Amino acid sequence: MNKPVLLTVDDDPQVLAAMRRDLRSRYREQYTVVSAGSGDEALATVRELKSRGDSLAMVISDQRMPGMLGNEVLAKSRDLYPLARRVLLTAYSDINAAIKAINEAHLDYYLSKPWDPPDEHLFPVIDDLLDAWQAEYLPEAKGLRLVGHQWSPQSHAIKDFLASSLIPYRWLDVEREAETRVLLEAVGVRAEELPVLMFEDGSVLRNPDPRHVAERLGRSLSAAYDVYDLVIVGAGPAGLAAAVYGASEGLRTLLLDRHAPGGQAGSSSRIENYLGFPTGVSGSELTRRAFTQAQRLGAELLAPLEVTGVSIDAGYKRLTLADGRVIATRTMAVATGMIYREHPAPGVAEHTGAGVYYGAATTEAPAFSGRRVLIAGGGNSAGQGAMHLARYAKDVQIVVRRDNLRDTMSQYLIDQIKKTPNIRLRLRTEIAGVEGNGHVERIVLTSLEDGKCRTEEADALFVFVGTRPQTDWLPPDVLRDAKGFVLTGRELMAAPPYSRIWKESREPLPLETSVPGAFAAGDVRAGAMNRVASAVGEGAMVVRLAHEYMALT
Ligand SMILES: Cc1cc2nc3c(=O)[nH]c(=O)nc-3n(C[C@H](O)[C@H](O)[C@H](O)COP(=O)(O)OP(=O)(O)OC[C@H]3O[C@@H](n4cnc5c(N)ncnc54)[C@H](O)[C@@H]3O)c2cc1C
């Protein structure tokens, strides 16, 4: 197979030669560097690569070129290679144009000229972007393959697990891809055994659950120690931050997640407001970085492994895991965040995983290429989901009860939605039902203006409304508010049962729950800000507070 291509575009022959020279000096072993002297030539090259079945890893284009501007070249190359990383080369005076191009061309980075010395200004950026590309991209004939029915909830569960665990795989729908039947016959898998996961060595797992998949992929699901300094339950942004700080400060740290690292943020197609990522960052990329960082610093991660209960014994917290094992810890962090509540409309429950998906826009979007999908919800997560789905589906409708998006969605997303022709808004409308034979075929909508019902053809409903805290596993000693969010610090002291439950001679520390030494961070906490940055901040705080607690005991 040919090496993946790095394409560099500039109308100035000297700059083009310098970029080509620098890229070749470092990447020639793994990549082929190709150059083009204009936007038209670059797009012709991109089309040729596609027709040859070659992979394009990155396009680096100068902004100011006669004929076609760099951001246009980048935007157009996206149609054929959506995963290729896009870098705009700008003079200092063009930085505003580059910032504007972030949304239109889905820019991954803008690089100022000159980039000398490349070891400082060019290679670290390109290394990072190529690492991210490698993590997502899968060469045609290789790697892990999942074969199943699009409308099977089991297929969805495995897809969701693999995607959240950042494991590249190829999805083969038995109904859409004729060659899969031959493949199944060759490995001796019957229709009732689907979904099936096929490994590169020819072995298969028939209708596996995520735990079996994790084990088969060599992920450890056993804790290395019996006792820890800090156990963190939930590996969303709050849990991952606590793991990074805990491990870096020398605590014996264990992180557990019932699904995979990333949490809600992991399902986001593009987080635009997290500090330090001017071009935005996908949830999976942020997770990949945080998870690698936590592991490098020495934190242990077990997933998928659910914590089902916790008891307190002489100051130690004993956590019961879904497989019946018990782990003891001096301090713990509750970072189990929130989950979408089941939508109450008739037909939703029986179609969940078969056309109704909770939040899973990034996992399922490619399966809805050329189809019609509806989104329930008007928050930022719904807006991001709509933008992502619009890259694949022919028609995306956002259904909201309110008469505008202003109160619930950030302006940058409202602007992006307005500019996207295949997204429509259905204001003052409610999802009243889902119908279909084995999968979603029709959705019933009620207008809140006149109460009239309409049934419309649709292939999927993505639900982004109604969240609840994931706190069912906590004992009653951990006080919660009326909605189930965990009370900490000052809010805890204001709760009526506080004096009956809190028996320490000191006041609770900030983020400390009604169980001394058990802290809560992120969305699960009463009064949380529901942002990636605040969850990360609280996760980091927990570690400092855990030290304080251990010094007191
Ligand atoms: C689609 C989407 C887009 C978003 N976009 C943005 C954005 O652009 N900017 C922004 O700032 N915020 C955004 N948010 C909000 C942000 O993602 C959340 O505020 C943040 O993820 C909260 O982090 P957390 O660690 O507290 O909890 P979560 O992210 O909810 O993670 C909790 C984790 O705990 C695990 N867990 C739960 N129960 C158990 C158990 N019993 N045992 C083991 N593990 C368990 C779950 O599997 C999960 O992985 C978005 C949210 C969504 C859904």
Side-chain angles (χ1 to χ4, degrees), residues 160-161 164-165 210 221 231-243 254-275 277 280-284 286-287 290-291 301-310 319-323 327 332-340 357-363 365 375 377 379-389 409-410 412-413 416 462-474 484-486 511 519-525 528-540 542:
D160 204 31
F161 171 72
S164 317
S165 305
L221 291 177
V231 173
I232 305 149
V233 189
L240 283 163
L254 174 68
L255 179 60
L256 297 156
D257 199 289
R258 74 166 167 207
H259 183 52
Q264 297 169 73
S267 69
S268 165
S269 48
R270 199 163 157 105
I271 300 163
E272 310 241 15
N273 51 7
Y274 188 55
L275 188 72
F277 291 88
V281 59
S282 71
S284 59
L286 189 63
T287 303
F291 172 51
L301 170 84
L302 304 182
L305 202 49
E306 181 167 4
V307 177
T308 53
V310 53
L319 295 152
T320 310
L321 309 182
D323 60 6
I327 290 170
M332 68 178 274
V334 177
T336 43
M338 295 196 297
I339 194 167
Y340 290 107
Y357 304 102
Y358 287 88
T362 48
T363 311
I375 288 181
N380 280 352
S381 52
Q384 285 178 12
M387 286 302 298
H388 187 68
L389 281 158
M409 198 181 282
S410 298
Y412 78 88
L413 273 169
Q416 286 180 10
F462 289 84
V463 181
F464 288 93
V465 275
T467 45
R468 65 174 171 84
Q470 305 200 76
T471 49
D472 307 348
W473 60 282
L474 288 168
F485 290 93
V486 177
L511 305 189
F519 300 89
D523 281 11
V524 77
R525 208 175 58 74
M529 298 292 158
N530 309 118
R531 292 283 184 277
V532 176
S534 50
V536 167
E538 291 183 8
V542 159

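We count residues from 1, following the sequence as given. Just so you know, these numbers use all the heavy atoms, side chains as well, and skip hydrogens, waters and symmetry mates. Counting starts at 1 for both ligands and their atoms, in listed order. Not measured: the values here are computed from a predicted model.
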*Nearest 0.5 Å, what's the CD-CD distance between Gln416 and Glu272?*
5.0 Å
*Under the side-chain hydrogen bond (donor to acceptor under 3.5 Å, both in side chains) rule, collect the residues that match up with Ser165, sequence neighbours excluded.*
none
_Students should find this: residues with any non-hydrogen atom under 4.0 Å from ligand 1. What is the answer?_
Val233, Gly234, Ala235, Gly236, Pro237, Ala238, Leu256, Asp257, Arg258, His259, Ala260, Gly263, Gln264, Ala265, Ser267, Ser268, Ile271, Asn273, Leu305, Glu306, Val307, Ala335, Thr336, Gly337, Met338, Tyr340, Ser381, Gln384, Gln470, Trp473, Gly522, Asp523, Asn530, Arg531, Val532, Ala535
_Looking at every non-hydrogen atom in both residues, tell me the closest pair between Asp523 and Gln264 and how far apart they are._
OD2-NE2, 3.0 Å
_Partner residues of Thr320 under the side-chain hydrogen bond (donor to acceptor under 3.5 Å, both in side chains) criterion, sequence neighbours left out_ = none
*Does any N or O in the side chain of Asp160 come within less than 3.5 Å of the main-chain N or O of Thr363, such that one atom is a donor and the other an acceptor?*
no
Output side-chain donor-acceptor pairs under 3.5 Å for residues 464-471, partner residues at least two apart or in another chain, one line each.
unit_1 : atom_1 : unit_2 : atom_2 : d
Gln470 : OE1    : Arg258 : NH2    : 2.1
Gln470 : NE2    : Thr336 : O      : 3.0
Thr471 : OG1    : Gly484 : O      : 2.9

